[in-house]
Amino acid sequence: MPSVKEMILSEEYADLILPVYTGFLEDYKEYGARIFNEYYGIIHYPLAEEFFQNYYDYGFFYNTVPKLFTLLNSVSLDASGITAVQNQPVLNLKGRDVLLGFIDTGISYTHKAFRQKDGSSRIYGIWDQTIQSGTPPYDLQYGSGYTREDIEQALKAQNPFQIVPSQDENGHGTFLAGIAAGRQELSGGEAFTGAAPRAFIAAVKLKPAKQYLRDYYVLPDSAEAYQENDIMMGMKYLLSLARTKKLPLTILLALGTNLGSHEGTSPLAQYLDTISNFPGIITVTAAGNETGYSHHFFGTIGTDAEFEDAELRVAEGETGFTLELWSQEPELFSIGFLSPTGEQISRIPNNTLTEQRITFVLENTVIYLNYQVAEAGTGSQLIVMRFVKPTPGIWRIRVYNSLYLRGEYHLWLPSKGFISDDTFFLRPSPDTVVTEPGNAPQTITAGAFNHRSGGIYIHSSRGYTRLGRVKPDLAAPGVNVDGPGIQGAAGFPMRAMTGTSAAAAHVAGAAANLLSWAFREDNISYMNTSVAKTYLIRGADRNPVFAYPNREWGYGTLNLYGAFLRLRE
């Protein structure tokens, strides 16, 4: 029997997220069962066994199949009111005695921005899920954990990577850590400092998604994708480290997906909400960069119409994609298709729980269709359509109404990076495109704006959630933001990034400063994500031209100093 570690890493095992119950660990012991929290656990099932010989058939267990997430990126501290709280003599907030955790592409731990003035490291821990030669941290079974002591030893060595081999080849995680927590550096004659330059740091480097999941979601080879369960394990690592070090914790998640209810009901979003309620923990997510890419269609079918066509342009060379339809309970819809060659698939009844395989006479396209009349996490109807080798041209997704209540439904294509830029809806809706898990109710979700021009970033995802909850919560600088790059021939050059990832890093740094203040002299010992969100929303800047909240800006733009000024009113 293979070890749990072998199951986790093997391409021959499927990862399944399941609800936890009494006896869960014993019942699934042979499948390497582990628990995230009191709600969800993970098992690893052999793909070769009969149940998984065609793993497309398990698509109807919607929340058990890990979703895939991608990175959300495509003199800002002054605009956020962060410089003011750093320099204000009484506040002097720089994230002291707070742990800032990043679940991303890793961190360049040798960078001076992540060291103390004496050269020692501010990084309390790294969990690299991609390196299997070291010891996994805590009870996490895979990857390699590196302590602050390991990092200190590496920094003193002639070749640090012989001792701590973890590196950030992408640079996304390093950049965000620099924006949120980098110590003041001089690069190219310009001063740079992060929002919480005295915070301690922890980093999780995610391993790439397994191939069977990439195949299931029909991802292009170029797509960067990370599994939902690995992100959840990353959160478990950060919680364990913060508990060990007895430090309050801010977690930044700058990854997203268009898969899901857009109501924050996925296992990852629910886990995020659960820990967000704990005192001493603040969670921050990025809203995504989906506005303007025409990946969302909003339809309404009245009593005077039998169906509505959602027209979808599919690009040349598109290998495939997953398309989801979500309605509001108790609405009920069914689907038909009209291909670019004119071949019609008539209305397909929603009276089966098994996935249906739809083929075409005149083309090689295969569509895997699955109806869930009431999806377990929401009660809403969900229709999953997986297109494989779709014929390029104009497709019509024919949506039929069955109940004629409100008649409203949503269709979402995959987020940018998981699909060609030339595949899109012809009549898209720009709203309701905040990516998961940014729709989770408790977390602080950040949109992006241009702090130089004052305008919203053109691709910053617009809210609200599918059922009308306000998201994003606020906006922060996210256009051409400067931050630390990864090591190259010229050392560590500065780089610029645009997107809601950078905006969320500003908010995470601000949140770390707020936590530092809250627990300093016991100002607010019950500070959690909800309390922090209230403080930041109260302090946000609001343009009198707009009504708030709104779909682009949420409740306004980040102003940490304003949050403290409001305490006097």
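These numbers come from a predicted model, not from an experiment.
- A donor-acceptor contact under 3.5 angstrom links the side chains of Glu436 and Asn439, judged on distance only.
- Remark: Asp309 engages Arg398 in a salt bridge (Lys or Arg N to Asp or Glu O under 4.0 Å) (not counting sequence neighbours).
- Remark: aromatic rings of Trp395 and Phe360 are close, center separation under 6.0 Å.
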Pair Thr64-Ile17, side-chain contact (heavy atoms from CB on, under 4.5 Å): steps then yes or no = CA-CA 4 Å; Thr64 69; Ile17 300 171; 5.6 Å; no

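- Without hydrogens or angle criteria, Gln227 side chain to Asp230 main chain gives no donor-acceptor distance under 3.5 Å.
- Residue Thr557 holds its OG1 atom at 12.0 Å from NE2 of His506, rounded to the nearest 0.5 Å.
- No donor-acceptor distance shorter than 3.5 angstrom exists from the side chain of Glu329 to the backbone of Gly379, with no hydrogens or angles considered.
- Residues Phe69 and Tyr226 keep their aromatic ring centres 6.0 Å or farther apart.
- Between the side chain of Thr283 and the main chain of Ser276, no donor-acceptor pair closer than 3.5 Å is present.
- A side-chain donor-acceptor contact under 3.5 Å links Thr445 to the backbone of Gly438.
- Checked by atom type, the side-chain pair Ser166/Asp128 shows a donor-acceptor distance below 3.5 Å.
- Side chain of Asn37 to backbone of Tyr40: a donor-acceptor contact under 3.5 angstrom is found.
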query = Leu68 and Glu228: side-chain contact (heavy atoms from CB on, under 4.5 Å), yes or no, with the steps?
reply = CA-CA 6 Å; Leu68 298 186; Glu228 183 175 16; over 6 Å; no

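- With a 6.0 Å radius and a threshold of 12 heavy atoms from other residues, nucleotides or ligands, Glu316 has its CD atom at or below the threshold.
- The local environment of CZ in Arg357 is sparse, with at most 12 non-hydrogen atoms from other residues, nucleotides or ligands closer than 6.0 Å.
- Surrounding CD of Glu12 are at most 12 heavy atoms belonging to other residues, nucleotides or ligands under 6.0 Å away.
- Side-chain contact annotation: Thr423 with Glu318, donor-acceptor N/O pair under 3.5 Å present.
- Around atom CG of Leu403, more than 12 heavy atoms belonging to other residues, nucleotides or ligands sit under 6.0 Å away.
- Two residues are said to be in side-chain contact when any heavy atoms from C-beta on lie closer than 4.5 Å; Ile335 and Asn350 fail this criterion.
- A donor-acceptor contact shorter than 3.5 Å is absent between the side chain of Ser429 and the backbone of His296.
- Look at Lys389 and Glu363 and you find no salt bridge, because none of the NZ, NE, NH1 or NH2 atoms lies under 4.0 Å from a carboxylate O.
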task = Step by step, work out the ring-ring contact (aromatic ring centres under 6.0 Å, His included) result for Phe321 and Phe387.
result = CA-CA 5 Å; Phe321 53 86; Phe387 285 68; 4.8 Å; yes

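- A distance of 15.0 Å separates OH of Tyr217 from CD1 of Ile419, quoted to the nearest 0.5 Å.
- Judged by distance alone, with hydrogens and angles left aside, the side-chain atoms of Ser380 form a donor-acceptor pair with the main-chain N or O of Ser327 at under 3.5 Å.
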request  = Start with the C-alpha distance between His410 and Gln328, add both sets of side-chain angles, then the distance that settles side-chain contact (heavy atoms from CB on, under 4.5 Å), and finish with yes or no.
outcome  = CA-CA 9 Å; His410 299 262; Gln328 184 172 346; over 6 Å; no

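- Formation of a donor-acceptor pair under 3.5 Å by the Ser266 side chain with backbone atoms of Ala269 is found in this model.
- In the model, Ser108 has no side-chain atom that pairs as donor or acceptor with a side-chain atom of Asp168 under 3.5 Å.
- For Trp412 and Phe297, the gap between ring centers reaches or exceeds 6.0 Å.
- Between Tyr271 and Phe36, the angle of the ring planes lies from 30° to 60°, which puts this pair in the tilted group.
- Annotation: cation-pi pair Lys205/Phe102 absent, no NZ/CZ under 6.0 Å from the ring centroid and within 45° of its normal.
- In this structure, Arg313 fails the cation-pi test against Phe425, since its NZ or CZ atom is not both closer than 6.0 Å to the six-membered ring centre and inside 45 degrees of the ring normal.
- Taking CG from Asn289 and CG from Leu72, the interatomic distance works out to 5.5 Å, rounded to the nearest 0.5 Å.
- Atom-to-atom distance recorded for Ser346:OG and Phe337:CZ is 12.0 Å, nearest 0.5 angstrom.
- With salt bridges taken as basic N to acidic carboxylate O contacts below 4.0 Å, none links Glu11 and Lys210.
- Side-chain atoms of Gln132 come within 3.5 Å of backbone N or O of Gln129 as a donor-acceptor pair.
- Atom CZ of Phe546 has more than 12 neighbouring heavy atoms from other residues, nucleotides or ligands inside a 6.0 Å radius.
- Cation-pi check for Arg469 over Tyr464 is not met; the charged atom does not lie both under 6.0 angstrom from the ring centroid and within 45 degrees of its normal.
- To the nearest 0.5 Å, atoms NE2 (His262) and OG1 (Thr465) are separated by 10.0 Å.
- The CD1 atom of Ile397 sits 11.5 Å away from atom CD1 of Ile345, with the distance rounded to the nearest 0.5 Å.
- Listed by chain and residue number, Asp15, Arg34 satisfy the side chain to side chain donor-acceptor pair (under 3.5 Å) test with His44 (two or more places apart in sequence, or in another chain).
- Using a cutoff of 4.0 Å between basic side-chain nitrogens and carboxylate oxygens, Glu263 and Arg466 are not scored as salt-bridged.
- Here Tyr293 and His459 bring their ring centres to under 6.0 angstrom of each other.
- Put simply, the side chain of Phe449 does not reach to within 4.5 Å of the side chain of Tyr457, judged on heavy atoms.
- For Trp326 and Phe333, the ring centers sit 6.0 Å or farther from each other.
- For Tyr555 and Tyr548, the ring centers sit 6.0 Å or farther from each other.
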